[in-house]
Enquirer: 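Just passing along the structure, written as structure tokens.
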2 protein chains.
Amino acid sequence: MRLKPTIEDVARVAGVSRATASRVINNAPGASEPLRARVHAAVAELGYQPNETARALVSGRQRAVDVIAVTYGSGIGWLGTHPYFSRALAGMMPVLEGVNAQLRLHAVAQETAAEAIDEIAANATLGAVLADITPVLAARFYRRCRRTVSMVPTASSVPRMEADNIGGAYTAVKQLHERGRRRIAAIHGPALNPCAIDRRTGYRRAVRSLGLTDVSADGDFHRDGGYRAARQLLEQHPDIDAMFIACDLMAAGAVQAITAGGRRVPDDVSIIGFDDSIAAVCTNPPLTTMRLPVEEMAAAAARLLLEGDPEPGHRQRFPVDLVIRDSTRN
Amino acid sequence: MRLKPTIEDVARVAGVSRATASRVINNAPGASEPLRARVHAAVAELGYQPNETARALVSGRQRAVDVIAVTYGSGIGWLGTHPYFSRALAGMMPVLEGVNAQLRLHAVAQETAAEAIDEIAANATLGAVLADITPVLAARFYRRCRRTVSMVPTASSVPRMEADNIGGAYTAVKQLHERGRRRIAAIHGPALNPCAIDRRTGYRRAVRSLGLTDVSADGDFHRDGGYRAARQLLEQHPDIDAMFIACDLMAAGAVQAITAGGRRVPDDVSIIGFDDSIAAVCTNPPLTTMRLPVEEMAAAAARLLLEGDPEPGHRQRFPVDLVIRDSTRN
DNA sequence: ATGAAAGCGCTAACAG
DNA sequence: CTGTTAGCGCTTTCAT
């Protein structure tokens, strides 16, 4: 079988030099119309496709955005079951498409995260989007590669996309309160997750300023954890009439626990989730939720990287808006 | 700021030749212990990280698996809302991790798919996993790059991972029938989607062999389509007592439509979905469904690529198993 | 066991 | 406008 044609072959067939071939292929100026035509013909005849690796090496830029996800213990099952990550990818791909940039996906195990991160940083080109990296690791990465954007709250110098998690949580509780609920419990996310921390803060502030009681349980940002937390909450505080839940997946579990316990949503217990992920519309009833604009954030992150090195401390703020569905409608 | 150190720098600092440095870095034989130590020291001192691009160019192999997704019309919103794709990614990443292979993600617009596919094929290294490519496009890709694996039914010569969609659909209907249901409707997927076609076939065979009536509606593999199809089905055939739905996302919508119409799941209408995606456990009640082992299929596809060129027509079969949850429990 | 040298395929000065 | 010539950073013969 014939080897893949190189630009050398194209040049030979077209009867020009490699340089000329390169010029017309990259449609750079400095090539006459007749030669252009000959080169194009040769390209077509040979089915020539530039070798991106060689291009990248010589030009120093490979035009790839790296996306890093850290996997905790149990493997990366969460990538397949947690909508967050795929939303981020979905947001980035359209902006990368058409500008000849590719997306590289890295799953790094928490235990070896440090080394893995060093290697990724060393080979970064357009830069990296840190989807859920802890502040410490993010800072480490940033030290090795300035072209970095975090999508979660992180070390202060790292450029980031910032969603108003605190405000969102506050709004959620306030909304529940306005609808007349007074025993508003919360199911929070992992204690160390930066987003979860902010949402917890928002809940606490709202509870305090509205004169309510803090009734909290801890979840893990997964459905099962939401189910368990809700059941436990209901047992310990049977008078709960609303729940603010820090993630839709947990909210889906909570809805199941609540109805399994013989109560109705929203009549007995009103629910507001967080994220507005696919889970929010799959539950029954569909969830009122605080929309985290993941796609927009990811797209903006990609665009920022495309523009060049972001300023240290650069930040772009994103609103977290209330999306009303049936889990609060009654 | 200091430029990134090259192997040249390492060699100089260690006082050896580039060749020797290369040998120890790749821990190839042919370097004495004392020199190895000096090189390692130099690497550590400089924080040297090999440039993967240069490596790839010289060795001809970049160790990357390309994943291609075609986007239809409206953009790739579906990637963020449809669990299939992220499950495939989740399946591949663990097998790629640790073998120093990376994952490249490509979203190609349907209109320009042909050219895009040619370019990807030209730059493929370990090969490509075709997640949802039509047979025609898959064949085209395969013509340009033998290292290809499709995850959906496709042109006969293209190596593939084959799930028993027909058998799964058949099993689902049979299960409903065994539970005493007799008016078993179906909501199918897109007319041209190869998986949807097989599931439709399975439904038809079951209906015929069980002596039931074919009551079908068409969906789009999304929640909204499932909602609409279910509502329409219920209006036109109020005596329906069960539904086989070709995808969990549609099933989630159908559950909502059914309960919104005042009927209960599973008491009045029993439901079996397909996929066993995150949507199946977010609905209320959780869905009985036919499990498509997407993660396993994707992992096997990645492994196949890692092994070298798959045989033409290579196929690996995967079962589609019944997972019983509450939507059929009564 | 070690080093010198030849490229991988391409782009980008630099000459002509 | 066109061609010649250096490399990009690395691996890999091939001598030594």
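We name chains A, B, ... by the order of the sequence lines, and we start the count at 1 in each one. The model shown is predicted, which means the values in this text are computed figures rather than measured ones.
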Enquirer: Taking only the side-chain nitrogens and oxygens of A:Ser32, find out if one of them lies under 4.0 Å from OP1 or OP2 of D:dT2.
Expert: yes
Enquirer: Check every strand shown and say whether B:Pro50 touches a base, only sugar-phosphate, or nothing at a heavy-atom separation below 4.0 Å.
Expert: sugar-phosphate
Enquirer: How close or far is atom P of D:dA6 from atom CZ of A:Arg18, stated in whole angstroms?
Expert: 12 Å
Enquirer: Considering only heavy atoms from C-beta outward, does the side chain of B:Ile133 approach that of B:Phe141 to under 4.5 Å?
Expert: no
Enquirer: Rounded to whole angstrom units, what separation is found between the CD1 atom of B:Ile7 and the P atom of D:dT12?
Expert: 11 Å
Enquirer: OP1 or OP2 of D:dT11 less than 4.0 angstrom from a side-chain nitrogen or oxygen of B:Ser22, does that happen here?
Expert: yes
Enquirer: If I take atom CD in residue B:Glu33 and atom P in nucleotide C:dA1, what distance separates them, rounded to the nearest angstrom?
Expert: 11 Å
Enquirer: Should A:Arg146 and A:Asp309 count as an ion pair when the cut-off is N to O under 4.0 Å?
Expert: no
Enquirer: Check the phosphate of C:dG3 against B:Ser17, side-chain N and O only, distance under 4.0 Å to OP1 or OP2. Yes or no?
Expert: yes
Enquirer: Quick one: which of B:Val129, B:Thr148, B:Val95, B:Leu96 gives a side-chain contact (heavy atoms from CB on, under 4.5 Å) with B:Leu305?
Expert: B:Val129
Enquirer: In whole Å, what is the span from the CD atom of A:Glu8 to the P atom of C:dT11?
Expert: 13 Å
Enquirer: Any side-chain donor-acceptor pair under 3.5 Å between A:Asn26 and A:Arg55?
Expert: yes
Enquirer: Could you state the CD-P distance from B:Glu52 to D:dC10, rounded to the nearest angstrom?
Expert: 10 Å
Enquirer: Using whole Å, what does the distance between atom C1' of nucleotide D:dT4 and atom CZ of A:Arg23 come to?
Expert: 10 Å
Enquirer: Tell me: CG of B:Leu57 to P of D:dG9, nearest whole Å?
Expert: 12 Å
Enquirer: Please state whether the phosphate of C:dT11, meaning OP1 or OP2, lies under 4.0 angstrom from any side-chain nitrogen or oxygen of A:Arg55.
Expert: yes
Enquirer: Please determine whether a side-chain nitrogen or oxygen atom of B:Asn51 lies at a distance below 4.0 Å from atom OP1 or OP2 of D:dC8.
Expert: no
Enquirer: For B:Asp9 and D:dC10, give me the distance from atom CG to atom P, rounded to whole Å.
Expert: 9 Å
Enquirer: Scan B:Ala19 against the nucleic acid and name what it touches under 4.0 Å (heavy atoms): base, sugar-phosphate only, or nothing.
Expert: base
Enquirer: Is the shortest heavy-atom distance from the side chain of A:Met92 to the side chain of A:Val65 under 4.5 Å?
Expert: yes
